[in-house]
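Start at 1 with the first residue, then count along the sequence. The figures here come from the full heavy-atom set of this structure, side chains too, leaving out hydrogens, waters and symmetry mates.
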Amino acid sequence: MSEKTEKTEPRLSVFKTYKLYVGGKFPRSESGRVYEVTDSKGNWLANAPRSSRKDARDAVVAARKAFGGWSGATAYNRGQVLYRVAEMLEGRKEQFVREVAEAEGLSRAKAAAVVDAAIDRWVWYAGWTDKIAQVVGGANPVAGPYFNLSSPEPTGVVAVLAPQDSSFLGLVSVLAPVIATGNTAVVVASAKAPLPALSLGEVLATSDVPGGVVNILSGGTAELGAPLAAHQDVNAIDLAGADAELAKELEIAAADNLKRVLRPQPVDYPATPGIDRMTAFLETKTVWHPTGALGASGSSY
């Protein structure tokens with residue numbers, strides 16, 4: 001008997017549908033709009049949601065709702081959560097290497113180095129969560145029988161315009177310090193390379209990060225930056241991904257409710273960061289407490 005050869009039909013790939021990440025869920029844009037994302041050579045990669053002003057407002061609501069629990073968590077616990085993000089990214093490294101290589105036109109080896117640096121950046125900020133208070137807070141010498149203590153507290157809801165050219169390492173470098181210090185974030189991904197940011201949302205959803213602590217939108221930087229800069233319930237904005245003209249417009253809009261504003265500046269993202277991006281979104285609370293009158297023996301209470 002002759003053996004029959006079975007013919008198998010070629011398998012069709014399952015294309016990924018990229019979605020926003022808001023409040024711990026993955027909604028499509030309420031507008032129903034999408035836009036084409038291409039690689040560095042102009043080849044089509046995927047359709048990304050084009051977020052609207054309504055999506056931006058929804059993200060702010062989710063971030064405000066999550067702020068109380070996240071800012072009230074212990075710094076040590078926040079460090080554990082950030083470290084868990086690094087663990088989950090390590091397990092999905094291949095996916096991010098491919099996405100970064102396509103987004104930024106890098107070789108596989110260079111993209112792998114970028115992803116490794118981004119994972120290490122999460123670990124770096126995880127280590128700072130319970131140390132930053134000792135660096136920027138402490139006891140202040142005063143002329144009088146008082147303890148005078150300063151301690152840092154998170155600003156609140158921070159809008160982050162992610163860098164345009166560093167779609168993953170730059171994104172992590174501006175996002176991690178915001179949430180490490182107890183703030184919650186609404187992130188506008190790089191307009192031309194949003195896919196690594198949208199995939200990061202999938203990692204955050206499985207990394208013990210409470211829903212709403214990080215919210216990721218894709219679409220036009222100017223279209224989303226304007227309502228976030230003017231939003232009365234956004235406490236601060238990082239303009240890393242805005243050009244000079246847009247940054248000026250958004251800074252004027254942010255002045256309406258006295259938002260903290262971090263202006264765009266040249267940054268070497270692969271270099272070890274300082275603590276500037278953490279302190280940019282911290283407030284200082286100072287407490288005075290009487291030491292008590294000195295007794296006959298010279299002791300105080």
Looking at S166 and E104, what are the two nearest heavy atoms and their distance?
C-OE2, 3.7 Å
Closest contact, heavy atoms only, V22 versus A59
CG1-CA, 3.8 Å
Mind checking the CD1-CE spacing from I132 to M278? Nearest 0.5 Å is all I need.
4.0 Å
Closest non-hydrogen atom pair between T184 and G212, with its separation:
CB-O, 4.1 Å
Could you tell me the separation between the CD1 atom of I179 and the OH atom of Y125, rounded to the nearest 0.5 Å?
11.5 Å
Which pair of heavy atoms, one from S52 and one from E30, lies closest together, and at what distance?
OG-OE2, 2.6 Å
Indicate yes or no: at least one non-hydrogen side-chain atom of V187 is less than 4.5 angstrom from one of L217.
no
Using a strict threshold of under 4.0 Å (side-chain N to carboxylate O), is an ion pair present between R33 and E223?
yes
Report, as yes or no, whether the 6.0 Å neighbourhood of atom CD on E245 holds more than 12 heavy atoms from other residues, nucleotides or ligands.
no
Residue pair V158, I237: steps toward the side-chain contact (heavy atoms from CB on, under 4.5 Å) verdict:
CA-CA 5 Å; V158 180; I237 187 166; over 6 Å; no
E283 and P154: which non-hydrogen atoms are nearest, and at how many Å?
CG-O, 4.4 Å
Would you say the side-chain atoms of S29 and D55 include a donor-acceptor pair closer than 3.5 Å?
yes
Got a second to check how far L200's CG is from M88's CE, nearest 0.5 Å?
11.5 Å
Given side-chain contact (heavy atoms from CB on, under 4.5 Å), test W288 with V142 step by step and report yes or no.
CA-CA 10 Å; W288 293 72; V142 291; 3.7 Å; yes
Rounded to the nearest 0.5 Å, what's the gap from CG on L171 to OH on Y269? Could you check?
9.5 Å
With clusters defined by side-chain heavy atoms of hydrophobic residues (ILVMFWY) lying less than 4.5 Å apart, directly or transitively, does F281 cluster with V60?
no
Test item: S51 side-chain N/O and S218 main-chain N/O as donor-acceptor pair under 3.5 Å:
yes
Spacing of L20 atom CG and N215 atom CG [to the nearest 0.5 Å]:
10.0 Å
Out of the candidates L228, L161, V261, only one should pair with L250 under the side chain to side chain contact (heavy atoms under 4.5 Å, CB included) rule; please name it.
L161
Between R78 and D130, is there a side-chain N and carboxylate O pair less than 4.0 Å apart?
no
Using 0.5 Å steps for rounding, measure from the CZ atom of R92 to the CZ atom of R98.
10.0 Å
Would you say the side chain of Y21 lies within less than 4.5 Å of the side chain of F26, judging by non-hydrogen atoms?
yes
Could you check K19 against L198 for side-chain contact (heavy atoms from CB on, under 4.5 Å), going step by step and ending with a plain yes or no?
CA-CA 7 Å; K19 296 181 183 178; L198 296 176; over 6 Å; no
Can you tell me if Q164 and T221 form a side-chain donor-acceptor pair at under 3.5 Å?
yes
So does E251 pair up with K259, basic N to acidic O under 4.0 Å?
no
I'd like to know if the side chain of D256 pairs up with that of Q232 as donor and acceptor (distance under 3.5 Å, no hydrogens or angles considered).
yes
What are the two closest non-hydrogen atoms of I119 and E90, and how far apart are they?
CG2-OE1, 3.6 Å
Do we see a donor-acceptor contact under 3.5 Å between the side chains of K16 and S199?
yes
Is S151 close to K285 at the side-chain level, that is, under 4.5 Å between some pair of heavy atoms?
yes
Donor-acceptor pair, side chain of K248 and main chain of A244, under 3.5 angstrom
no
Without hydrogens or angle criteria, can the side chains of S207 and R84 be said to hold a donor-acceptor pair below 3.5 Å?
no
